[in-house]
Amino acid sequence: MRLTNLPLNTLKEVPAEAETLSHQLMLRAGLIRRLASGLYSWLPIGMRVLQRIENIIREEMNRAGALEVMMPIVQPAELWRKSGRWEKFGPELLRLEDRHQRKFCLGPTHEEVITDIARHELKSYRQLPVNYYQIQTKFRDEIRPRFGVMRAREFTMKDAYSFHIDEESLLRDGYEVMRSTYDKIFTRFQLKFRIVQADPGAIGGNRSEEFQVLAESGEDKIAYCDADDFAANIEVIELEPPNKTRGLPTQTCEIIKTPKIQSIEALSKFFKVGPEKCLKTILVQGSKSPAVALLLRGDHELNATKAERIDAVASPLRMLNATEIHEATRCEAGFLGPKELDISIYMDQDASLMSDFVCGANRTDYHYRGTNWGRDIEPPEIIDLRNATTGDPSPKGGGPLSIARGIEVAQIFQLGKDYSEALEATVLDDQGKKRTIEMGCYGIGVTRIVAATIEQNHDNRGIIWPAAIAPFDVLIIPINLDKSCRVREAADTLYCNLIDAGLDVLMDDRSYRPGVKFADADLLGIPHRVVVTESAWDKGKVEYKNRREDDPQLVPFDQLVELLRDKGD
RNA sequence: CGGGGCGUAGCGCAGCCUGGUAGCGCACUACACUGGGGGUGUAGUGGUCGCAGGUUCAAAUCCUGCCGUCCCGACCA
């Protein structure tokens, strides 16, 4: 591809809409353009990256014996009613009507459709196991799309669904095969990632793991222990009761005026104590009552899944807003506490170990300090309510956990029979008896991988593509090609040679000054750069530089192809 | 959904408070110079100032409503 044939508009300035680095670089390098909130067009260079990613996924999926299909994006409500998800899925599911007022939705995922296919196509245990996959557009009407294609409403996903006669086959021929296939795929993408235990969430099912690309900007937090190989999303870690006892009271409980001190941070500053000495009181919607109070240590985070397990708490979990908090407590948010609070209260294990702590007084602008369980407040019911954090013991016993941030790029589930039962997908077994099919499902966020890759591979000048998914293998930059027909001829020869050698070649034949071309080269991040100048060419040489290296080297023209092969992935 | 910010040329922004000729930088076009890290000059192209209503002799500017977009959302970060 010659750049004179590819309208490329790189931006010097950072578009105001872009928050994260990957988003900024994707816009600046001309990979994507935003059409509306959470909706992006992929321009030629971005499209090439997507295709490379898709091709690697296809190769590995096919190698694992999976079968590619394609299912409609628009799906009938009827099917979703059968699985129960028409009601269960929230406003994320975009619902629409056709001209006959029949109801449809845009597929956020395809369990229903694939199960319907399985129900019609799979009749005998002898046809199992089978794994269907597709690479296709999904739509989820996210509350708040953000970070460009990282959390978009429309996105490309590779989703696979496997069907098995029993759980053993599901685990062995489905789940484990996909797990190792994904491992190969992400290794080929040259990403640093971890496989972590995950919450099965909205998709349903039993066992589930996520593939998390490690990045500071990641939305997920993962906990790991290098000593015993444990790794999990912090949401799913069950915490044992702490092996400690509560400190004895040393202070008297007194009420203190704390005007406008409404955050743990402010409290901790005001009282000059650490956040672990402040009690956090969170009001959530109750299942039978308007409000339920949850107590946590100030430095801990509430775990939504754990909270939802409490019968008295409404599911899905919803925090009360300022008005509701006032109705329930006659007091402003920020001054809530368990003392004389007349609603159901649950407290986290670690909160129960606090002593001489600060908590709200249920009176606007007042807090208690020197509060102690038993003496000042009857302790409420104690349960595990919080997310794991740095230093918590690994459930496998190897030592303390560390926390890292990750971008979820894939998730695999043992679905079991939820969908096959609801949609009556059965086969006959070797006894001629009807058996409900066991299912697994396996997703990869294709478009999100592009963003995740850039998060992990960039410098202050631009993107640095891993060779496997770069839009092009080599970029040729002829210097002064308008003035020198020798440079033009040399570049053309080189261009043809590299293409003949099977490489994807981009040539910057625009009549710009070198600086512009170098800057664009760095921004675009193509792995290999070859500069053609008159003086080097006269010696039969060209200049080679890897995007990751600082210094170029002169290479004899006839050795270039070989060098690129060696340096290739 | 709630709170806040922003909508002025393709992009980044100023002008708005205090109403009176719509501006700057980048990009784009032409020409000249320049030619190894986003160069210089000259001349240009490009705007229903988000939309609708109102106030006024006069509205990008003041008022009302709507729309779009971004950020934030619990004593979370």
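We name chains A, B, ... by the order of the sequence lines, and we start the count at 1 in each one.
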[N] pairs with which nucleotide, Watson-Crick or G-U wobble, both distances below 3.5 Å?
N      : result
B/rU64 : B/rA52
B/rA43 : B/rU29
B/rU18 : none
B/rU69 : B/rG5
B/rC24 : B/rG12
B/rG35 : none

Check whether [Y] forms a cation-pi arrangement with [X] (NZ or CZ under 6.0 Å from the six-membered ring centre, at most 45° off the ring normal).
X        : Y        : result
A/Lys541 : A/Phe557 : no
A/Arg48  : A/Phe472 : yes
A/Arg33  : A/Trp42  : no

Base, sugar-phosphate alone, or nothing: which one does [X] contact when heavy atoms must sit under 4.0 Å apart?
X        : answer
A/Asn387 : nothing
A/Gly334 : base
A/Leu283 : nothing
A/Leu279 : base
A/Lys483 : base
A/Arg529 : base

Provide, to the nearest angstrom, the distance between the [atom1] atom belonging to [X] and the [atom2] atom belonging to [N].
X        : N      : atom1 : atom2 : result
A/Asn480 : B/rG37 : CG    : C1'   : 14 Å
A/Phe518 : B/rG36 : CZ    : C1'   : 5 Å
A/Glu142 : B/rC70 : CD    : P     : 13 Å
A/Leu523 : B/rC26 : CG    : C1'   : 15 Å
A/Arg510 : B/rG39 : CZ    : C1'   : 16 Å
A/Arg151 : B/rC71 : CZ    : C1'   : 16 Å
A/Leu341 : B/rC75 : CG    : C1'   : 14 Å
A/Asn362 : B/rC75 : CG    : P     : 12 Å

Of all the nucleotides listed ([options]), which has the minimum atom distance to the side chain of [X]?
X        : options                : value
A/Asp520 : B/rU69, B/rG35, B/rG38 : B/rG38
A/Ile143 : B/rG38, B/rG36, B/rC1  : B/rC1
A/Arg513 : B/rG39, B/rC75, B/rG37 : B/rG39
A/Lys280 : B/rG37, B/rC75, B/rG38 : B/rC75

* RNA chain B contacts among residues 4-34 of chain A, heavy-atom distance under 4.0 Å ->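 Output list: A/Thr10, A/Lys12, A/Glu13, A/Val14, A/Pro15, A/Ala16, A/Arg28, A/Arg34.
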* Which residues, if any, of residues 530-542 of chain A bring a heavy atom under 4.0 Å of RNA chain B? ->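 RNA chain B contact set from residues 530-542 of chain A: A/Val531, A/Thr533.
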Which whole number of Å gives the distance between the [atom1] atom of [N] and that of [M]?
N      : M      : atom1 : answer
B/rC1  : B/rC62 : P     : 27 Å
B/rU34 : B/rG38 : C1'   : 15 Å
B/rC75 : B/rC66 : P     : 29 Å
B/rG35 : B/rC17 : C1'   : 49 Å
B/rG53 : B/rA14 : P     : 28 Å
B/rC67 : B/rG50 : C1'   : 7 Å
B/rC26 : B/rG65 : P     : 40 Å
B/rG2  : B/rC24 : C1'   : 38 Å

* Asked: Taking OP1 and OP2 of B/rG68, is either one under 4.0 Å from a side-chain nitrogen or oxygen of A/Ser37?
  ->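 It does not, given that no N or O in the side chain of A/Ser37 lies less than 4.0 Å from OP1 or OP2 of B/rG68.
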* B/rC71 OP1/OP2 closer than 4.0 Å to side-chain N/O of A/Arg144 ->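 Yes, because at least one side-chain N or O of A/Arg144 sits under 4.0 Å from OP1 or OP2 of B/rC71.
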* Picking from A/Val505, A/Asp520, A/Leu506, A/Leu524, what satisfies side-chain contact (heavy atoms from CB on, under 4.5 Å) with A/Leu475? ->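 One option only clears the test, and that one is A/Leu506.
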* Asked: Can you name the residues that form a side-chain hydrogen bond (donor to acceptor under 3.5 Å, both in side chains) with A/Lys12, not counting sequence neighbours?
  ->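 side-chain hydrogen bond (donor to acceptor under 3.5 Å, both in side chains) list for A/Lys12, sorted by chain: empty.
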* Asked: Listed by chain and number, what are the side-chain hydrogen bond (donor to acceptor under 3.5 Å, both in side chains) partners of A/Asn546, not counting sequence neighbours?
  ->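 Result, side-chain hydrogen bond (donor to acceptor under 3.5 Å, both in side chains) vs A/Asn546: A/Tyr544.
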Every protein N/O within reach of nucleotides 29-31 of chain B N/O, cut-off under 3.5 Å:
none

* Do the two ring centres, one from A/Phe357 and one from A/Trp373, sit under 6.0 Å apart? ->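 Ring centroids of A/Phe357 and A/Trp373 are less than 6.0 Å from each other.
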* To do: Identify, between A/Pro145 and A/Leu317, the residue whose nearest nucleotide on RNA chain B lies closer to the 5' end.
  =>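 The residue closer to the strand's 5' end, by nearest nucleotide, is A/Pro145.
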* If each of A/Glu301 and A/Phe147 is mapped to the nucleotide of RNA chain B with the nearest heavy atom, which maps nearer the 5' terminus, i.e. the 5' end? ->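 The 5'-side residue here is A/Phe147.
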* In terms of ring plane angle, is the pair A/Trp80 and A/Phe89 parallel, tilted or perpendicular, where the classes change at 30° and 60°? ->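 Rings of A/Trp80 and A/Phe89: perpendicular, over 60°.
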* To do: Measure from the side-chain N and O atoms of A/Gln456 to the backbone N and O of A/Lys192, and report whether any donor-acceptor pair falls under 3.5 Å.
  =>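 Looks like yes, one N/O pair under 3.5 Å.
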* To do: May I have the step-by-step check of side-chain contact (heavy atoms from CB on, under 4.5 Å) for A/Ile237 and A/Phe230, ending in yes or no?
  => CA-CA 11 Å; A/Ile237 300 175; A/Phe230 175 85; 3.8 Å; yes
* Asked: Under 6.0 Å from the CD atom of A/Glu216, do we count more than 12 heavy atoms belonging to anything else shown?
  ->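 Incorrect, the count does not exceed 12.
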* Flag yes if more than 12 heavy atoms outside A/Arg548 fall under 6.0 Å of its CZ atom; otherwise flag no. =>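 Atom CZ in A/Arg548 is crowded, with more than 12 foreign heavy atoms closer than 6.0 Å.
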* For the pair A/Arg246 and A/Asn372, evaluate side-chain hydrogen bond (donor to acceptor under 3.5 Å, both in side chains) and give the outcome as yes or no after the intermediate values. => CA-CA 10 Å; A/Arg246 183 161 69 220; A/Asn372 283 276; over 6 Å; no
* Any side chain to side chain donor-acceptor pair (under 3.5 Å) involving residues 379-395 of chain A? Give me the pairs, sequence neighbours left out, ordered by first then second residue. =>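 Output for this query lists A/Asp228-A/Ser394, A/His300-A/Arg386, A/Glu301-A/Asn387, A/Asn303-A/Asn387, A/Lys306-A/Asp384, A/Asp350-A/Arg386, A/Arg386-A/Asp392.
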* Does the distance from a Lys or Arg side-chain N to an Asp or Glu carboxylate O, for A/Lys280 and A/Asp299, drop under 4.0 Å? ->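 Answer for the salt bridge query: no.
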